[in-house]
Visitor: 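Got a structure for you, questions after.
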Amino acid sequence: MKKARILLFTFVTALVVSCGTTRTVPITGRKQNLLVSDEQVLSLSSQEYTKYMSTAKKSTDANKTAMVKRVGKRLATAVEAFLTNNGMADETKNYSWEFNLVSDKEANAFCMPGGKIVVYEGLLPFTKDDQSLAIVLGHEIAHAVARHSAEQMSTQIRNNMGIQVLGGALGAFGVGSSTTQIAQIIAQQGLQFRSLHYSRDNELEADKMGLIFAAMAGYDPRVAIPFWKGMASANGNQSDVLSDHPSDAKRIALLEKEMPEVLKYYQGGKTTSTAVPKTSKSLNTKKTISASGQNKTVKR
């Protein structure tokens, strides 16, 4: 009997995993297997965002609010142009961009799936200008573009699948109810996207992608190094041993390593998101249309 239960559990788990969607993360080319659909994630995100904004106090500082909207929209435009010009135009339908500055002393910002971006006033003394703010918002937008929320939800579903399946679906083999079970697990997680802890690998991936998005939007990515060093000093050079976030030292080391690659996307303040540089090593070869209208081969 025990052996039969193990075999059945293995079968159902394999079935659910096989039902997932495999996609490629833009820019990095990493493969993902997602067990939740865009519709599920966007619906939950929209509900949470509406609830959060109903209680949040928007900033009354017109200049700072304008800066957040200006930088956010410029980044969003560059990201959508990149996706469209590199064969991923269908992904842009998932975004309904919105940018808000809220009155909160915490040095933080977040971007929910769907492009709902919130910046806390407490972050602005660290960013100080458009360039540094673009580094932070690029990172947050990267989490949305890379579907890191859906990836973390999928991980939680896999981790909880044994309990959920053995607790109810095994009696009826659960074969025809995998979608229902996934929905139930999602609901039971009580996820809060604005405080979702991504894996360290997700964070580092968002660092690289965000830096490239900032460069595409015409912001100098080199300001990321002094910015994160300043944040590290303010944070007391925290360790990553007990945190889902990478240590400040590790984050800065990665950005320094990736900077030569990132600078290929930067053209001195000009937005350039029509194609990926030919020398990019992490992407698949693909044809796209350049700004001049000519076909060219790029890496993505």
Side-chain angles (χ1 to χ4, degrees), residues 9-53 76 79-80 82-84 86-98 110-118 140-165 167-170 172-199 201-203 205-206 209 213 284 300:
F9 167 71
T10 302
F11 169 73
V12 175
T13 301
L15 174 66
V16 173
V17 172
S18 68
C19 292
T21 299
T22 299
R23 75 181 289 266
T24 301
V25 178
I27 295 179
T28 67
R30 183 175 63 86
K31 299 294 183 181
Q32 295 172 308
N33 182 264
L34 305 178
L35 300 183
V36 291
S37 67
D38 291 334
E39 291 75 18
Q40 288 172 312
V41 174
L42 293 175
S43 176
L44 290 170
S45 174
S46 178
Q47 292 174 33
E48 184 184 334
Y49 177 74
T50 300
K51 182 179 179 180
Y52 171 79
M53 289 306 301
V79 168
E80 290 205 356
F82 167 76
L83 293 173
T84 298
N86 285 277
M88 295 171 279
D90 59 323
E91 295 206 10
T92 63
K93 72 180 186 297
N94 293 321
Y95 304 111
S96 179
W97 303 99
E98 190 172 331
F110 62 83
C111 176
M112 289 189 182
K116 306 301 185 184
I117 298 173
V118 174
E140 297 300 334
I141 288 174
H143 278 310
V145 174
R147 311 278 179 83
H148 286 159
S149 294
E151 190 168 17
Q152 290 303 307
M153 292 170 72
S154 299
T155 297
Q156 292 183 12
I157 288 170
R158 292 187 181 94
N159 291 342
N160 289 289
M161 188 55 66
I163 297 174
Q164 297 295 326
V165 172
L170 277 180
F173 294 99
V175 174
S177 60
S178 60
T179 300
T180 300
Q181 289 182 46
I182 288 175
Q184 291 174 343
I185 293 171
I186 293 172
Q188 291 170 7
Q189 291 303 314
L191 281 172
Q192 291 187 321
F193 291 99
R194 58 191 171 90
S195 58
L196 184 64
H197 291 291
Y198 300 110
S199 70
D201 288 342
N202 283 168
E203 292 291 347
E205 184 173 58
M209 291 176 64
F213 289 154
N284 298 321
R300 63 166 287 270

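If you're wondering where the values come from, they're calculated on a predicted model, not measured in any experiment. Values below: all heavy atoms of this structure, side chains included; hydrogens, waters and symmetry mates excluded.
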Visitor: Partners of S154 by side chain to side chain contact (heavy atoms under 4.5 Å, CB included), sequence neighbours excluded?
Guide: L34, L35, V36, R158
Visitor: Could you walk me through whether E151 and R23 pass salt bridge (Lys or Arg N to Asp or Glu O under 4.0 Å), step by step?
Guide: CA-CA 11 Å; E151 190 168 17; R23 75 181 289 266; over 6 Å; no
Visitor: Could I get the full list of side chain to side chain contact (heavy atoms under 4.5 Å, CB included) partners for Q47, not counting sequence neighbours?
Guide: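 By the side chain to side chain contact (heavy atoms under 4.5 Å, CB included) rule, Q47 matches S43.
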Visitor: Could you tell me the separation between the CD1 atom of I117 and the OH atom of Y49, rounded to the nearest 0.5 Å?
Guide: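 Between I117 CD1 and Y49 OH, I get 9.5 Å after rounding to 0.5 Å.
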Visitor: Work out which heavy atom in F213 is nearest to a heavy atom in A142; give both atom names and the distance.
Guide: CE1-CA, 3.9 Å
Visitor: Is it true that E48 and K116 make a salt bridge, defined as a side-chain N closer than 4.0 Å to a carboxylate O?
Guide: no
Visitor: Check whether any side-chain heavy atom of L44 sits under 4.5 Å from a side-chain heavy atom of M153, and report yes or no.
Guide: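 Side chain of L44 against side chain of M153, heavy atoms only: contact under 4.5 Å found.
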Visitor: To the nearest 0.5 angstrom, please state how far the CE atom of M53 sits from the CE atom of M112.
Guide: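 Interatomic distance, M53 CE to M112 CE, rounded to 0.5 Å: 9.5 Å.
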Visitor: Taking all non-hydrogen atoms of both residues, which atom of E140 and which atom of F110 are closest, and how far apart?
Guide: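 That would be OE1-CA, 3.6 Å.
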Visitor: Which atoms form the tightest heavy-atom contact between P26 and M88, and what is the distance?
Guide: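 Where P26 meets M88 most closely, the heavy atoms are CG-SD, 3.9 Å.
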Visitor: So how far is it from M209 CE to T28 OG1, rounded to the nearest 0.5 Å?
Guide: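 Output value for this atom pair is 6.0 Å.
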Visitor: Could you tell me whether a side-chain N or O of S45 sits under 3.5 Å from a main-chain N or O of P113, the two making a donor and an acceptor?
Guide: yes
Visitor: Roughly how far apart are C111 SG and H148 NE2, rounded to 0.5 Å?
Guide: 12.0 Å
Visitor: Does Y95 have any side chain to side chain donor-acceptor pair (under 3.5 Å) partners at least two apart in sequence or in another chain, and if so, which?
Guide: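 None.
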Visitor: Taking the six-membered ring for Trp, are H143 and Y198 parallel (under 30°), tilted (30 to 60°) or perpendicular (over 60°)?
Guide: parallel
Visitor: Nearest 0.5 Å please: distance from the CG atom of N94 over to the CD atom of E39.
Guide: 7.5 Å
Visitor: Within the 4.5 Å heavy-atom criterion, are R147 and V25 side-chain neighbours or not?
Guide: no
